[in-house]
Structure formats: structure tokens, C-alpha cells
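In this text, all values refer to a predicted model and were calculated from it rather than measured experimentally. As a basis for the values below, the full set of heavy atoms in this structure was taken, side chains included, without hydrogen atoms, waters or symmetry mates.
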Protein chains: 2
Amino acid sequence: MIRIGILGYGNLGRGVEAAIRKNDDMTLAAVYSRRDPSTLNINTPGVPVKSAAVLDEGNEEIDVLIICGGSATDLPGMTPKYAAMYNVIDSFDTHAKIPEHFGNVDEAAKSAGNIGIISCGWDPGMFSLNRVYATAVLPDGEAYTFWGKGVSQGHSDAVRRIEGVVDCRQYTIPVPAALDKVRSGENPELTTREKHTRECFVVVEEGADKARIENEIKTMPNYFSDYDTTVHFISAEEMKRDHSGLPHGGSVIYSGTTSDNTKHVIEYSLTLDSNPEFTGSVLAAYARAAARLNSEGVCGAKTVLDIAPAYLCKQDGDFLRAHLL
Amino acid sequence: MIRIGILGYGNLGRGVEAAIRKNDDMTLAAVYSRRDPSTLNINTPGVPVKSAAVLDEGNEEIDVLIICGGSATDLPGMTPKYAAMYNVIDSFDTHAKIPEHFGNVDEAAKSAGNIGIISCGWDPGMFSLNRVYATAVLPDGEAYTFWGKGVSQGHSDAVRRIEGVVDCRQYTIPVPAALDKVRSGENPELTTREKHTRECFVVVEEGADKARIENEIKTMPNYFSDYDTTVHFISAEEMKRDHSGLPHGGSVIYSGTTSDNTKHVIEYSLTLDSNPEFTGSVLAAYARAAARLNSEGVCGAKTVLDIAPAYLCKQDGDFLRAHLL
């Protein structure tokens, strides 16, 4: 049995917990939290909830620590720190800072003989795999990534910070005409606005100035100003009834040529009922790879690109060749 | 530069040749053929065409030999034979015999310190990768593979062997209702007949008995009797005008759950203008991996499941993490 520790018990931590229940060669050894452990009720009976502080002693009996923190402020410090004590894995998703994060984790993990797999999820993660496989197979081509329809938690949070806003759910939606163009293999140049639209469902305080709020959303730099955004004001009851899930998904579409007039289109798409449960499932599969690779003596930072698919599977090579190849 | 040898200059061999032109870190060192080399005109100027017999001396200056033979009679003998002398790669696609072929190639390659990558193409190959990744991430789920719309060369050949038939092009077509059911995530049980239909375009000799031919096609065991098949009789001119390409494609659709009522659907699909050129492109990417892995001392038989994606890419890890992860 692979003994997993989960650090952080938010949506993602619960997603990993659900994934472990689906993998009978894994056991949830403990949940670690920065909150007071006595305030946490977890979904798996009999599993200890501990203070994150005990991890610092470096002798928790776990094979892999899955770090379920945020990319902005948690993971840049936490993943290297714990890689010096345990095999670790995270879902760091700030694309621009991956090289720096990789370097920090690599140094800490290598000096301790541990493995640290970073940026495991669906983007980065499964989508990255598909961009890389397609680029390798059809070097004369182009990759397009579309996200949605799905809830962007970062954008929802940004709207919640506006004065007078009580709650928000922001959906990112690919533009159908852009998808069609890319699928046709014509390799179009697409602006940010042409690729996605944004739709916000917003609950406001009584008497709030809706026109001001709508304007603040639509003109917010980085988050909304480069997109066509629609804002709907709804009640708290409607929010709870219609928008309580965290669905997401998207597609990587790659189009390339092998000779004159010979085109090929590769499309990988995800339709996810729950973003955190799917991300948690990717983390669980790569936690298996982390445990195995480290038991073979592999250490240092890795990403999904460095790991052969067979390492993710419970089944051995003979089984995979006979049944899934 | 990675020096590639191509053994066999049919559709697939020419597909590999086209792929090498798209990869500027590879060079086509020689084409080997069982035909008289003087009768072959290849598409790449300045590259020697040699008799396959010279390979037996074991001292051709190539890094990887890409064996472009048929799975029924060529590859079972050829791949192990040449794995004892060179790094090799093939697209062996008789799924049921992969374990045996793997064993034979493994033994020959290991004893010579070479690497032999078998079953590289799109199915087995890219589709296998997607079945395995999906199964690893969502173990509680099911994979469905659909082929087409595309030309099945084996089925076309089978029809050509019927008395009175001059030429045939057989298209395999997924049933739209089956695709919809699978995409909805309901994990249906589907019979062979419910998943695909077959459509044949047939040129016959003058005065041939079309009713008999149509009946022989539709009742042919293994090939057609389990499918709903449509037969169209066309002229040789129509065949040349409308059916000269070898398009293919298909999809692997995987649907799985992570908790009660939480479903996820993963779909990978290919739309290929040319089956042999795409398969040749997969072979070229894995030939790069073969050369690299062997230079690191890796030997024995491998499949796509055993090879980390980064090995397929010309670009190094820093580049991949910065641009494609």
C-alpha cells in the first residue's frame, strides 16, 4: 500500500481524498492542516487529522505528501520545504513561474534523495501532455488551448473583492466559432477576445449600485478587460441552487501537416463535473509514480513530461500490453 | 543528427520519409528494400537505396532502423531479427499477439544491448496512451475506442480477393448514436454492430454478378458479418477521383466517476488526412526516443507506455517546461 499524506483540506484536498478511495493500492495515512485539527471533520473515517507543524519533524510515516495549497502564496514555499523531508507532489499552475519553482524543488528534493513532482493536474498536467505529444509527432503544426465551459475560481474571487459583491461565480466559455476554425485545421491567429468569453453570476448587497459593479467587472485589467463579459445579478438562493458545483474542462486542439495538403487534427478534451476531484485524481495517479520512481532511486524535481505512462498504473507491464496497448 | 534507416518503401515507408523531412535533427541515411534497389525511386534526393540483404552484415551506419512491414507476416520475424543488430522500431498492430512479439524483441534486443520499440502508431500507439492515462487517472471508469471515418486497408484487401472484384475501398464509420451515448457518460454496453458500420466502394469486372459479390461481402465472417455494411458499385474512374486518399482517425472516449454523481469524460480524437503519414510521424518521434534512450544505456523491448513524453521531443526539458507545460 502506498501511504499518502494530504496537506491542506480545502476543495482540492477533499478531491485527493475522493481519488484515494478509488485506488485500492493507496491508503490515506493522515490529513495535515494549518487549521486547528480538532475543527476538521474529514470524509474518511479513522484517519488522523494532524497539525501541519508535525510534518516539520520529518518523520511522518508517509510515502508521498500531496500538497494541496494555492499557487500564488502557498506552493512556492511549501513544496521545496517539504521536498527536503518527503516525496512530494503539487498542482502548481502559475505557468510563467514553473521554471523557477522547478529549480527550487529540484534542489531541495535532490539533496534529500526525494522526488518532487510539480504542476500535476489538467492544465498544467493532462493538457501539457497533449501539447507535447502532438508537437513531437507533428512538429510542423500549432497547439490551441481552450478552457471551459467551467468555473474559474481566480476570476470568481476577483469579482468577490469588489465593493458591494457578496458572491460570484465566473464561467469561462470558449467561443464556438474559434473552436470550429481551429478544428478545420486552418491554423488561425486568434486574439484573447476571439477565443473565450466570460460570464459572471453575481450576488450583491441590498441597495448596491449594480451599474457600477458591472462596470468595475467588465473593465478589470488582466481579468476581464480583454474579454467580452456578461454579468447577471442573481439572488443568493439562485446561486446556491444553480451554481454550487465546480465543473470545468476544455480542449487542446493541435493541427499539423506532414506534406503538401496533408493535414491532421488532434483533439483532447475534458468535460469535468468537478475540477477539484479530477485534479485530485491526477495527483493520486502521479503520487503512485512518485512512490515507485523514488523506490527505484529516482530523485529531484519532475513533471508529467518526465514520467512514462506505465508508472501511473497499478497494473504491471504485462497486463497493460495485453489489455490496454 | 539522428541517422534513420527505413526498411520497406510502401505507403508507410514513404510516410516515415515525409516525417523525417519535418524533423531537422534527423537524417534519412538509407532506404532498404527487399525489391531490386535499382527499381526504386524515392522522394528524398541523394539518399542511397540498398538491398535489405546488406542489413544482415550488421554494420550499416544508422542509429535507428524503422521497420515498415506488415504485422501478419513481416514484423514477427523482422523486428526480433534486426533488433539483434540495430536499434529498431515498428508499428506492429495485431493487438492479440503483442505480448509474444514484445517477448521476442525483448530477448533479441537485450542480448545485443539495443532498444526495440514496438507497436508505435495511433492504435496501438497514441490511442493506447490515452486509454492508459485515462484508466490511471480515473480507475473507476470505462474506455471506448471508435475507429473512423477512415479506410481500413485490411478490409479493402479482403474484398479485393472476391472473384470478379477489381478494386475496393472500405470505410469504417462510427455510429453517431453510439458516440453520443458514450460522450454522455452513461457507460453503455455496445455490441460490435452498434459501434461501427462499414461502407464499401467496389469496382467489378465487366459482366460480374453484383448481387453475388454484395452478398459475399456482407456475409464474410470476421470482416463484415457482424456489421451493417453498405456496398456501392462504382467505376474505376470514380474510384480514382473520389477514393485515392488514405484518410483515417477515430476517438478514445473514457468516462469515469470520482464520487457519487460526479462524472468526467475524457475524449481524444484524431482526424487524419493520411493514415500512413501520421503513423510515420509517430514512428519518427519514437525513433528519436529510441536513439536517446539507447545512448543512455537503455536496452530491450519498449512500448509507448514505457517512454516519458519528453524523450520524444527535440527540445530540452527547460524549453518544454517554459513553453509547453
Between [atom1] on residue [X] and [atom2] on residue [Y], distance to nearest 0.5 Å:
{"X": "B/Y133", "Y": "A/Y133", "atom1": "OH", "atom2": "OH", "answer": "3.0 Å"}
{"X": "A/K263", "Y": "B/L272", "atom1": "NZ", "atom2": "CG", "answer": "13.0 Å"}
{"X": "A/Y311", "Y": "B/D306", "atom1": "OH", "atom2": "CG", "answer": "8.5 Å"}
{"X": "A/Q315", "Y": "B/L305", "atom1": "CD", "atom2": "CG", "answer": "11.0 Å"}

* Asked: Hey, mind stepping through A/K22 and B/S259 against side-chain contact (heavy atoms from CB on, under 4.5 Å) and telling me if it holds?
  -> CA-CA 9 Å; A/K22 296 286 188 183; B/S259 62; 5.8 Å; no
Portion of [X] that has a non-hydrogen atom of chain A nearer than 4.5 angstrom:
{"X": "B/D318", "answer": "neither"}
{"X": "B/T303", "answer": "side chain"}
{"X": "B/I98", "answer": "side chain"}
{"X": "B/F278", "answer": "both"}
{"X": "B/T145", "answer": "neither"}
{"X": "B/A284", "answer": "neither"}
{"X": "B/T258", "answer": "both"}
{"X": "B/I307", "answer": "backbone"}
{"X": "B/N261", "answer": "backbone"}
{"X": "B/V304", "answer": "both"}
{"X": "B/F127", "answer": "neither"}

Heavy atoms only, distances under 4.5 angstrom: which of [options] has the most pairs with chain B? Name it, please.
{"options": "A/A308, A/S119, A/A322", "value": "A/A308"}
{"options": "A/A19, A/A18, A/A96, A/S274", "value": "A/S274"}
{"options": "A/G103, A/A310, A/A285, A/S281", "value": "A/S281"}

* Asked: Which region of A/I266, side chain (C-beta onward) or backbone (N, CA, C, O), has a non-hydrogen atom less than 4.5 Å from a non-hydrogen atom of chain B, or is it both or neither?
  ->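 Both backbone and side chain.
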* Contacting region of A/T257 [heavy-atom separation from chain B under 4.5 Å] -> both
Do you know the tightest heavy-atom contact between [X] and [Y]?
{"X": "B/E277", "Y": "A/T262", "value": "OE1-CG2, 3.5 Å"}
{"X": "B/R131", "Y": "A/L325", "value": "NH2-O, 2.8 Å"}
{"X": "B/H264", "Y": "A/D273", "value": "ND1-N, 3.4 Å"}
{"X": "A/A136", "Y": "B/C313", "value": "CB-SG, 4.0 Å"}
{"X": "A/L129", "Y": "B/P309", "value": "CD2-CG, 3.6 Å"}

* Asked: Is it the case that more than 12 heavy atoms not belonging to A/E107 sit under 6.0 Å from its CD atom?
  -> no
* Asked: Taking everything shown except A/N41 itself, do over 12 heavy atoms lie less than 6.0 Å from its CG?
  -> no
* To do: Go through the steps to decide whether A/T135 and B/L312 satisfy the test side-chain contact (heavy atoms from CB on, under 4.5 Å), and finish with yes or no.
  => CA-CA 9 Å; A/T135 304; B/L312 310 185; over 6 Å; no
* To do: Could you check which of B/D140, B/D24, B/N130 has the highest count of heavy-atom pairs closer than 4.5 Å to chain A?
  =>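 Most heavy-atom pairs under 4.5 Å with chain A: B/D140.
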* **Verdict with reasoning, A/Y286 to B/V137, per side-chain contact (heavy atoms from CB on, under 4.5 Å)** => CA-CA 9 Å; A/Y286 278 95; B/V137 169; 5.6 Å; no
